[in-house]
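Starting from 1, each residue takes its place in the sequence as its number. We count ligands from 1, going down the list as the structure has it; atoms in each ligand are counted the same way.
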Amino acid sequence: MRAIPLARVGVRPPSEIGAAVIGSGFIGTVHVEALRRLGVPVHGILGSSPDRAAQRARQLGLPRGYGSLAELLADDRVEIVHVTSPNHLHHPQVLEILEAGRHVVCEKPLAMTADESAELVECAARSGKVNAVNFNIRFYPLNQHAHELVASGELGDVRLVTGRYFQDWLLLETDWNWRLEPDRGGALRAVGDIGSHWLDLATFITGQRITSVMADLATFIPTRRQPSGPVETFSTERSTETVERQIATEDTAAILIRFENGARGSVAISQLSPGRKNSLQYEVDGSSAAAFWDSEQPDQLWIGHRDRPNEILIRNPALMGPAGQAAAALPAGHVEGFADTFRALFRAIYADVGNGGPTENPGYPTFAEGHDEMLVNDAVAASARDGRWTDVARAPIARPMVAAGEDGR
Ligand SMILES: NC(=O)c1ccc[n+]([C@@H]2O[C@H](COP(=O)([O-])OP(=O)(O)OC[C@H]3O[C@@H](n4cnc5c(N)ncnc54)[C@H](O)[C@@H]3O)[C@@H](O)[C@H]2O)c1
C-alpha cells in the first residue's frame with residue numbers, strides 16, 4: 001500500500017482558501033461548521049431568498065448572505081463553492097460555478113439524471129477545477145480502514161456484500177419534505193437520497209463497481225398530507241393546514257446486486273422503518289475474513305474469522321492503516337461521528353484546491369464517481385420498472401473507478 005494523500009495539505013493551506021456555501025438547511029450548516037474547523041474562511045451563504053440568506057448568515061455568524069448566485073460568484077475571494085441546495089438545483093448551480101472558474105463540492109445525488117451528471121463530469125474535466133461529491137460516509141475513519149483492509153487482501157476475495165440503509169422520518173402520511181416532490185428530489189427518492197450513500201460506499205469499500213441490479217421498489221404511502229408552509233428536513237412538527245398529495249416515489253427498495261469481480265450483494269433501503277433514525281450497515285464477506293460496520297456505532301468495526309475469535313476494532317489511529325489514520329481527528333475512545341466525516345473529506349479536497357487542481361487519482365469522491373452512482377440508480381429504476389436484471393449502462397467515455405489499492409489510499 002502506498003502512502004496516502006488524504007492528510008496532505010496543499011501548497012496553500014485551507015486557511016488561505018476562500019469558500020462560500022449554497023443552502024443553509026440541515027446539511028449546509030454541517031458544511032459551514034466543518035469548514036470552520038479547518039480554518040477555511042467562509043465568506044458567505046446563499047439561500048432560497050436574499051432575506052433567508054441574510055437571516056441564516058446572522059444566525060451562523062457569517063459575514064454576509066448573498067442575494068443571488070451571480071452576486072456570490074462576483075466575490076473574488078471565493079475560490080470554492082459548496083452546493084447543498086435541493087437536488088434539482090445541483091446541475092444548474094454547479095454549471096454556473098464551474099463556468100465562473102471556481103472549484104466545487106456538490107452534495108449527493110450529483111444531479112437529477114445521469115444525463116445531467118454526465119454533463120457535469122465533462123464540464124468539470126474541461127475546467128480543470130477540483131470537483132467533489134459529498135459522499136461523506138466514506139470518511140468515517142473505520143470505512144477508510146475497511147477500504148484498506150480489502151485493498152491489501154486482508155479479507156481475501158470479496159464474495160458477498162450485504163446491508164441496509166434505514167430511516168424512519170418519513171413513516172407517517174403527515175411527514176413531508178421537498179424530497180417527496182419528484183421535480184425537486186428526483187424520480188427515485190429513498191434510493192437517490194440514502195441508497196446513493198450505501199451504493200457508493202459498497203463500491204468504495206470493495207473497490208468493485210456494480211455491474212447489474214435487480215430491484216423491487218415499493219410506495220406504501222401513496223397519499224401524503226403536505227403542510228401549507230415550509231418544512232425543515234428531519235422536522236417532527238405537525239402542521240394543522242395540509243394539502244393531499246399523490247406520491248409516486250419509493251418508500252422502500254430491495255436490490256440484488258452483482259459486482260464486476262463476480263461478487264454478489266443485496267441491500268434494503270427504507271425511509272419508514274420505525275425506530276431506525278439513520279442506520280446504514282454493511283457486511284463484506286471475503287474468502288478469508290469479513291467486515292461489518294453500522295453507522296449508529298461508527299467507532300466500531302467487526303472483523304469476522306472462521307478459525308480464530310472474531311475482533312471488534314475500536315477506532316484507533318494507532319491500529320489503523322494510513323487512510324484510517326488520516327481521517328481520524330481524535331485519539332481512541334473519543335467517539336467521532338457524522339460531522340467529523342465532513343472535516344476529513346474536506347481536508348482531502350482542500351489539499352487539491354491548495355495545489356490548484358485535482359491530482360490524477362483524487363483521494364475523495366469526484367464527479368466521475370457521482371455520475372457512476374447515478375448510472376446505478378438508472379439501472380435500479382429500469383429494473384424495478386421492467387421486473388428483471390438490468391446492467392449498469394456505462395458509456396465508454398466514463399472514467400473508470402480507481403481499483404482498490406491503486407489510488408494510494
Ligand atoms: N451527505 C449527507 O449526508 C447529506 C445529508 C442530508 C442532505 N444531503 C443533501 O444535501 C442537499 C440539501 O439537503 P438538506 O437536508 O440540507 O435540505 P434542507 O431542506 O434542510 O436545506 C436545503 C437548503 O437549500 C436552500 N435553498 C432552496 N432553494 C435555494 C436556491 N434557489 N438557492 C440557494 N439555496 C436554496 C433552502 O433554503 C435550504 O436552506 C440535498 O441534495 C441532500 O441530498 C446530504
Revision key, fill the gap. Quick note on ligand 1: atoms under 4.0 Å from a heavy atom of Asp193 include exactly 43 (O)
Review point. What atoms of ligand 1 come closer than 4.0 angstrom to any heavy atom of Phe26?
Key: 5 (C), 6 (C), 15 (O), 16 (O), 20 (O)
**Study point:** Interfacing atoms of ligand 1 (cut-off 4.0 Å, heavy-atom, Ser85)
**Key:** 11 (C), 12 (C), 24 (O), 40 (C), 41 (O)
Check your understanding: If we only count heavy atoms from C-beta on, is the Tyr165 to Ile137 side-chain gap below 4.5 Å?
Key -> yes
Review point. At a 4.0 Å threshold, what atoms of ligand 1 neighbour a non-hydrogen atom of Asn87?
Key: 40 (C), 41 (O), 42 (C), 43 (O)
Review point. Looking at Glu369 and Arg138, does any basic side-chain N land under 4.0 Å from a carboxylate oxygen?
Key: yes
Study note, to complete from the structure: Within 4.0 Å of some non-hydrogen atom of Asn134, the atoms of ligand 1 are 1 (N)
Point to revise | Glu116-His90 side chain donor-acceptor pair, cut-off 3.5 Å | key: no
Practice item. Would you please classify the geometry between the Phe342 ring and the Phe346 ring as parallel, tilted or perpendicular, with 30° and 60° separating the classes? Key: perpendicular
Point to revise | Which of the ligand 1 atoms, numbered from 1, are nearer than 4.0 Å to a heavy atom of Arg179 | key: 6 (C), 7 (C), 13 (O), 14 (P), 15 (O), 42 (C)
Practice item. Taking the side chain as every heavy atom from C-beta outward, state whether Lys108 and Asp193 have any atom pair closer than 4.5 Å. Key: yes
Review point. Without hydrogens or angle criteria, can the side chains of Gln59 and Arg56 be said to hold a donor-acceptor pair below 3.5 Å?
Key: yes
Check your understanding: Looking at Pro86, which atoms of ligand 1 are within less than 4.0 Å of one of its heavy atoms?
Key -> 22 (C), 24 (O), 26 (N), 27 (C)
Check your understanding: So is there a nitrogen or oxygen of Asn177 less than 3.5 Å from a nitrogen or oxygen in ligand 1?
Key -> no
Check your understanding: Which ligand 1 atoms does Gln93 reach within 4.0 Å, using its non-hydrogen atoms?
Key -> 32 (N), 33 (C)
Check your understanding: Do any nitrogen or oxygen atoms of Gly25 come within less than 3.5 Å of a nitrogen or oxygen of ligand 1?
Key -> yes
Practice item. Ignoring angles and geometry beyond distance, decide whether Phe338 reaches within less than 3.5 Å of ligand 1 through its nitrogen or oxygen atoms. Key: no
Review point. So is Arg56 in contact with ligand 1, going by heavy-atom distances below 4.0 Å?
Key: no
